[in-house]
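Remarks on the structure that follows.
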Amino acid sequence: MPDYNFFDNVYDVVRQIPKGRVTSYGAIAAYLGSKQSSRIVGYAMMASGTANPPVPAQRVVNKQGLLTGKFHFGGDTMEQMLQNESVEVIDNQVQNFKEIFWDPAIELAL
DNA sequence: TACTTGACAAAAG
DNA sequence: CCTTTTGCCAAGT
């Protein structure tokens, strides 16, 4: 068993995302190590579908606030879940993204 | 063991 | 503004 599971780190951060808030792959990657690892975060999210406990991957979007991976949830499930948490999503785009953005580098720095 | 793919991001053309 | 390229790391083939 590996030591530092990048995936586990990602899961831990994502689970701490408050309701009605969203973050970006790059933010998580940057918080863990380097923003270059953003792809690994996305990969972790994909694996999160089989992870236990499952992580609120719907709260993780790309830096544009765009629901790039909504298809992995199955149709518009991602949008529905986000809107169910008071997150406005229009055309795969999180509205007011900048306002509800949750940055682990700041929130978890406390 | 090597090559390809991927829920990203930033830069270049 | 849109398309292409490069970098990064892990997993699948």
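Per chain, numbering begins at 1; letters A, B, ... match sequence-line order.
- At least one donor-acceptor pair closer than 3.5 Å links the side chain of A:Ser24 to the backbone N or O of A:Ala27.
- Sorted by first and then second residue, the ring-ring contact (aromatic ring centres under 6.0 Å, His included) pairs with a member in residues 75-110 of chain A read A:Phe97-A:Phe101; sequence neighbours excluded.
- When hydrophobic clusters are built by joining Ile, Leu, Val, Met, Phe, Trp and Tyr residues whose side-chain heavy atoms come closer than 4.5 Å, directly or via intermediates, A:Ile100 is not grouped with A:Leu66.
- Taking hydrophobic clusters as Ile, Leu, Val, Met, Phe, Trp and Tyr residues chained together by side-chain heavy-atom distances below 4.5 Å, A:Ile40 shares a cluster with A:Val10.
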Protein N or O to nucleotides 5-7 of chain B N or O, pairs below 3.5 Å:
from	atom 1	to	atom 2	distance (Å)
B:dG6	N7	A:Arg39	NH2	3.0
B:dA7	OP1	A:His72	NE2	3.0
B:dA7	O5'	A:His72	NE2	3.4
B:dA7	N7	A:Met46	N	2.8
B:dA7	N6	A:Met45	O	2.9
B:dA7	N3	A:Tyr25	OH	3.1

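- The nearest whole Å value for the distance from the CZ atom in A:Phe6 to the C1' atom in C:dA11 is 15 Å.
- Between the side chain of A:Gln95 and the backbone N or O of A:Gln93, at least one donor-acceptor pair lies under 3.5 Å.
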